[in-house]
2 protein chains.
Amino acid sequence: MSQGELPAGDLIEGRGMSGAAISRHLKVLRQAGLIKQRAQGPQRLYSIQPDGLRAIADWTISKREFWETSLDRLETAILEDEEL
Amino acid sequence: MSQGELPAGDLIEGRGMSGAAISRHLKVLRQAGLIKQRAQGPQRLYSIQPDGLRAIADWTISKREFWETSLDRLETAILEDEEL
DNA sequence: TACTTATTTAACGATGGTGTTAAATATTGT
DNA sequence: ACAATATTTAACACCATCGTTAAATAAGTA
């Protein structure tokens, strides 16, 4: 789907799961603001909603510093632990 | 518990949860090798099992490089995205 | 030995996640 | 208006997690 719009049918194929299940997954993603839906005849074309993914990316990066310092502390603790 | 041994009773208090529930949590932690149990009369004294926690710490650190490079890529992608 | 205390185990129930099948809905072509 | 196609929704079931209460177990004490 990263390459553009895809009808639900294409997203269902080869996934070893019923269309109903996929459909509900898509609904959740849509409600979460991660994908968009557009009707074309009886088909629903799905595509990415850049804003939503961007928000996740930004959030992820915003936590980076927290994790860096946490891992630093963990490494320090391990080293101190080895000094016995 | 990081300060030493504690009887189950102490671990139950103030947790707003039944003793039975805490007891099962302790059992899971013990089976996971994260805590030790020792009997003293009718009490069970719990303490940390350093090896288990250490294994988790080591594993965590072992993933650090993976995440660093992943986040680097994410940051790069965000920057490229902003050049529009 | 029987009682009390500390803790665990058993049996049960609520909740959330996620899959399935069958019915409902919308759109297009006859 | 009717049938076929694409997709969604409804109803149901399964399983794991996690809490509860009540019964079981073990140790110390009268």
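Since the structure is predicted, the reported quantities are computational estimates derived from the model, not experimental observations. Within every chain, numbering begins at 1; the chains are lettered A, B, ... in the order of the sequence lines, protein sequences first and strands thereafter.
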List in numerical order all residues of residues 26-46 of chain A for which some heavy atom is under 4.0 Å away from an atom belonging to DNA chain C.
Gly41(A), Pro42(A)

Can you pull the side-chain hydrogen bond (donor to acceptor under 3.5 Å, both in side chains) pairs that have at least one residue in residues 50-64 of chain A, sequence neighbours excluded?
Arg54(A)-Asp58(A), Arg54(A)-Asp81(B), Arg54(A)-Glu82(B), Arg64(A)-Glu68(A), Arg64(A)-Glu68(B), Arg64(A)-Asp72(B), Arg64(A)-Glu75(B)

Reported CG-to-CG distance for the pair Leu79(A) and Leu74(A), which is rounded to 0.5 angstrom:
9.5 Å

Is the backbone of Phe66(A) close enough, under 3.5 Å, to the side chain of Ser70(A) for a donor and an acceptor to pair up by distance?
yes

Could you encode protein contacts along nucleotides 19-24 of chain C as a string, one character per nucleotide from 5' to 3', using B for base contact, S for sugar-phosphate-only contact and - for no contact, with a heavy-atom cut-off of under 4.0 Å?
BBBB--

Same apolar cluster (I L V M F W Y, side chains within < 4.5 Å links), Ile12(B)/Leu6(B)
yes

Taking all atoms of both residues into account, what is the closest heavy-atom pair of Gln43(B) and Pro7(B), and its distance?
OE1-CB, 3.1 Å

Which pairs, with at least one residue in residues 2-20 of chain A and sequence neighbours excluded, count as a side-chain hydrogen bond (donor to acceptor under 3.5 Å, both in side chains)?
Glu5(A)-Arg38(A)

Could you name each residue pair satisfying side-chain hydrogen bond (donor to acceptor under 3.5 Å, both in side chains) that touches residues 26-36 of chain A, not counting sequence neighbours?
none

For DNA chain C, the residues among residues 5-12 of chain A that have a non-hydrogen atom under 4.0 Å from it
none

Contact summary for Leu26(B) and Ile35(B), nearest pair of heavy atoms:
O-CD1, 3.4 Å

Under a single-linkage definition using a 4.5 Å side-chain heavy-atom cutoff for Ile, Leu, Val, Met, Phe, Trp and Tyr, are Ile78(A) and Leu34(B) assigned to the same hydrophobic cluster?
no

Supply the atom-to-atom distance Leu71(A) CG to Trp67(B) CH2, rounded to the nearest 0.5 angstrom.
11.5 Å

